[in-house]
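So the structure is just underneath, and the comments pick up after that.
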Amino acid sequence: MRVHVADHPLITHKLTVLRDKTTPSPTFRALAEELMTLLAYEATRNVRTEVVTVQTPVAETQGLAISTPRPLVVPILRAGLGMLEGMVKLVPTAEVGFLGMVRDEETLQPTTYAERLPDDLSGRQCFVLDPMLATGGSLIAAIDFLFARGAEDVTAVCLIAAPEGLAAVETAMAGRGDVTIVLGAVDEKLNEQGFIVPGLGDAGDRLYGLV
Ligand SMILES: O=P(O)(O)OC[C@H]1O[C@H](OP(=O)(O)OP(=O)(O)O)[C@H](O)[C@@H]1O
Ligand SMILES: O=c1cc[nH]c(=O)[nH]1
Ligand SMILES: [Mg+2]
């Protein structure tokens, strides 16, 4: 498994505002989208392309186009939805599938409550979006789901990870398919409630309000 932690002052600046508990939902939503766009640059480094010919006003030349089958972007509901626009702005031809997952607050185990994905993901390049990688349970379940449908390589983009969760994903994915994790930051630890420290609190609640 490849892990890339973004090291850029613009990303750290935006994450700092996102972490601030006084940042209101509209600003939080705008920042989650902007951060995704910045991380997409790294996440799509290995997006599959094919050579195409293009006629400029001056000459014929060769360039690259994102190849088919088109990449599949999968935001994990709810919180991953806050990153979707930031990704599809950069890759407008991508298809979008949805996975709804929620973590039990006591056991910290994830359950999948919604799924709208192609039945056959053979040969597909998938991009999973979820701002928080805490215990890693949700991300492991999401990647397992995609591999079970035949996905070939999966890149997950998370804004903040806990070291414990990152290690759990690494262990679960050892010897499996092609997995890359792109992160805005790796924080200090998880607390007893399974929240990332310092983190930013509950990303879903901060994006969309308490439920
Ligand atoms: O790494 P884990 O320990 O599995 O925790 C991370 C998950 O928790 C959050 O979702 P949550 O369950 O709060 O759902 P929500 O997006 O609807 O708020 C987050 O968006 C991840 O999906
Ligand atoms: O810190 C955390 C952990 C899980 N989910 C969140 O939204 N935040
Ligand atoms: Mg939540």
Side-chain angles (χ1 to χ4, degrees), residues 1 3 5 14-29 31-33 35-36 39 43 73-87 96-117 126-147 154-174 176 179-211:
M1 183 175 103
V3 178
V5 185
K14 288 180 190 292
L15 272 176
T16 304
V17 183
L18 203 70
R19 292 178 189 278
D20 186 338
K21 69 177 187 182
T22 67
T23 296
S25 278
T27 312
F28 193 96
R29 283 197 291 271
L31 284 167
E33 190 180 318
L35 279 159
M36 178 63 238
L39 293 173
V73 177
V74 184
I76 308 298
L77 310 182
R78 284 176 305 169
L81 213 46
M83 297 163 73
L84 178 61
E85 276 307 307
M87 181 69 171
V96 181
F98 297 90
L99 265 181
M101 305 188 108
V102 67
R103 193 174 78 141
D104 184 291
E105 284 176 13
E106 300 296 323
T107 65
L108 303 182
Q109 293 307 305
T111 41
T112 303
Y113 61 83
E115 172 265 306
R116 191 79 169 87
L117 291 167
C126 298
F127 294 87
V128 175
L129 316 183
D130 195 333
M132 310 305 278
L133 196 176
T135 65
S138 303
L139 187 58
I140 292 167
I143 298 174
D144 279 344
F145 200 102
L146 298 173
F147 279 150
V154 177
T155 297
V157 187
C158 303
L159 302 185
I160 301 178
E164 298 91 328
L166 193 55
V169 178
E170 198 137 28
T171 303
M173 294 303 144
R176 306 280 301 281
V179 178
T180 303
I181 313 278
V182 175
L183 302 166
V186 179
D187 276 9
E188 195 186 319
K189 60 175 183 181
L190 284 179
N191 68 14
E192 303 74 42
Q193 288 77 40
F195 273 81
I196 301 174
V197 180
L200 49 73
D202 187 300
D205 290 354
R206 295 202 59 191
L207 281 161
Y208 302 118
L210 293 167
V211 284

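When a ligand or atom number is given, it counts from 1 through the structure's own listing order. Keep in mind it's a predicted model, so treat the numbers as computed, not measured. No hydrogens, no waters, no symmetry mates; every other heavy atom, side chains included, goes into these values.
Tyr208 and Arg78 make their closest contact through CE1-O, 3.6 Å (heavy atoms, listed as atom of the first residue, atom of the second, distance). Closest approach of Leu117 and Glu115 over heavy atoms only: N-OE2, 3.0 Å. When all heavy atoms of Leu133 and Gly165 are compared, the closest pair comes out as CD2-C, 3.4 Å. Considering all non-hydrogen atoms of both residues, Cys126 and Leu146 come closest at CB-CD1, 4.0 Å. Across every non-hydrogen atom of Leu108 and Gly194, the tightest pair is CD1-CA, 3.8 Å. Smallest separation of non-hydrogen atoms from Ala32 and Leu207: CB-CD2, 4.3 Å.
If you number the atoms of ligand 2 from 1 as listed, the ones under 4.0 Å from a heavy atom of Gly194 come out as 3 (C). Taking every non-hydrogen atom of Val102 and a distance limit under 4.0 Å, the qualifying atoms of ligand 1 come out as 12 (O). Applying the 4.0 Å criterion to heavy atoms of Arg103 picks out, from ligand 1, the atoms 2 (P), 3 (O), 4 (O), 5 (O), 12 (O). Residue Ile196 has at least one heavy-atom neighbour below 4.0 Å for each of these atoms of ligand 2: 1 (O), 2 (C). Within the listing of ligand 2, atoms 3 (C), 4 (C) sit less than 4.0 angstrom from a heavy atom of Ala134. Interface atoms of ligand 2 facing Gly201, defined by a heavy-atom separation under 4.0 Å, are 1 (O), 2 (C), 6 (C), 7 (O), 8 (N). Residue Ala79 approaches ligand 1 through these ligand atoms, each under 4.0 Å from one of its heavy atoms: 16 (O), 20 (O). The Arg103 neighbourhood of ligand 2 comprises atoms 3 (C), 4 (C), with distances under 4.0 Å to a heavy atom of that residue.
The shortest side-chain heavy-atom distance between Phe127 and Val154 does not fall under the 4.5 Å cut-off. Pro131 places none of its side-chain heavy atoms less than 4.5 Å from the side chain of Ile160. Side chains of Val74 and Val96 form no contact here, defined as non-hydrogen atoms less than 4.5 Å apart. Within the 4.5 Å cutoff, the side chain of Thr111 has no heavy atoms near those of the Met101 side chain.
Residue, atom and distance of the protein heavy atom nearest to atom 4 (O) of ligand 1 are Ser138 OG, 2.6 Å. Taking atom 14 (O) of ligand 1 as the reference point, the nearest protein heavy-atom neighbour is Met101 O, 3.8 Å. Counting only heavy atoms of the protein, atom 6 (C) of ligand 1 lies nearest to Met132 O, 3.5 Å. In terms of protein heavy atoms, atom 3 (O) of ligand 1 is closest to Thr135 OG1, 2.6 Å. In terms of protein heavy atoms, atom 15 (P) of ligand 1 is closest to Arg78 NE, 3.6 Å.
Counting protein heavy atoms under 4.0 angstrom from atom 9 (C) of ligand 1 gives zero.
Contacts between Asp130 and ligand 1, counted as non-hydrogen atom pairs separated by less than 4.0 Å, involve the side chain only.
Proximity of Leu139 to ligand 1 is not established, as no heavy-atom distance is less than 4.0 Å. Residue contact check for ligand 2: Arg206 places no non-hydrogen atom closer than 4.0 Å to it. At a 4.0 Å cut-off, at least one heavy atom of Asp202 sits close enough to ligand 1 to count as contact. Assignment of Gly136 to the shell around ligand 1 is supported, since a heavy atom sits closer than 4.0 Å. Ligand 2 is never approached by Pro131 to a heavy-atom distance shorter than 4.0 Å.
When the options Ile76, Asp144, Leu166, Ile181 are evaluated for a side-chain contact (heavy atoms from CB on, under 4.5 Å) with Leu139, the one that passes is Ile181. For the pairing with Cys158, the side-chain contact (heavy atoms from CB on, under 4.5 Å) check across Leu183, Val186, Val128 returns one residue only, Leu183.
Expressed to the nearest 0.5 Å, how far CE of Met87 lies from CG of Leu39 amounts to 10.0 Å.
In terms of polar-atom proximity, defined here as any N/O pair under 3.5 Å, Ala134 does make such a contact with ligand 1. Taking distance alone, with nitrogen or oxygen atoms compared against 3.5 Å, Ala203 approaches ligand 2 more closely than that limit.
Because the distance cut-off is set at 2.8 Å, Asp202 qualifies as a neighbour of the Mg ion (ligand 3) through one of its N, O or S atoms.
Between Arg103 and Asp202 there is no salt bridge, since none of the side-chain N atoms of the basic residue sits less than 4.0 Å from a carboxylate O of the acidic one.
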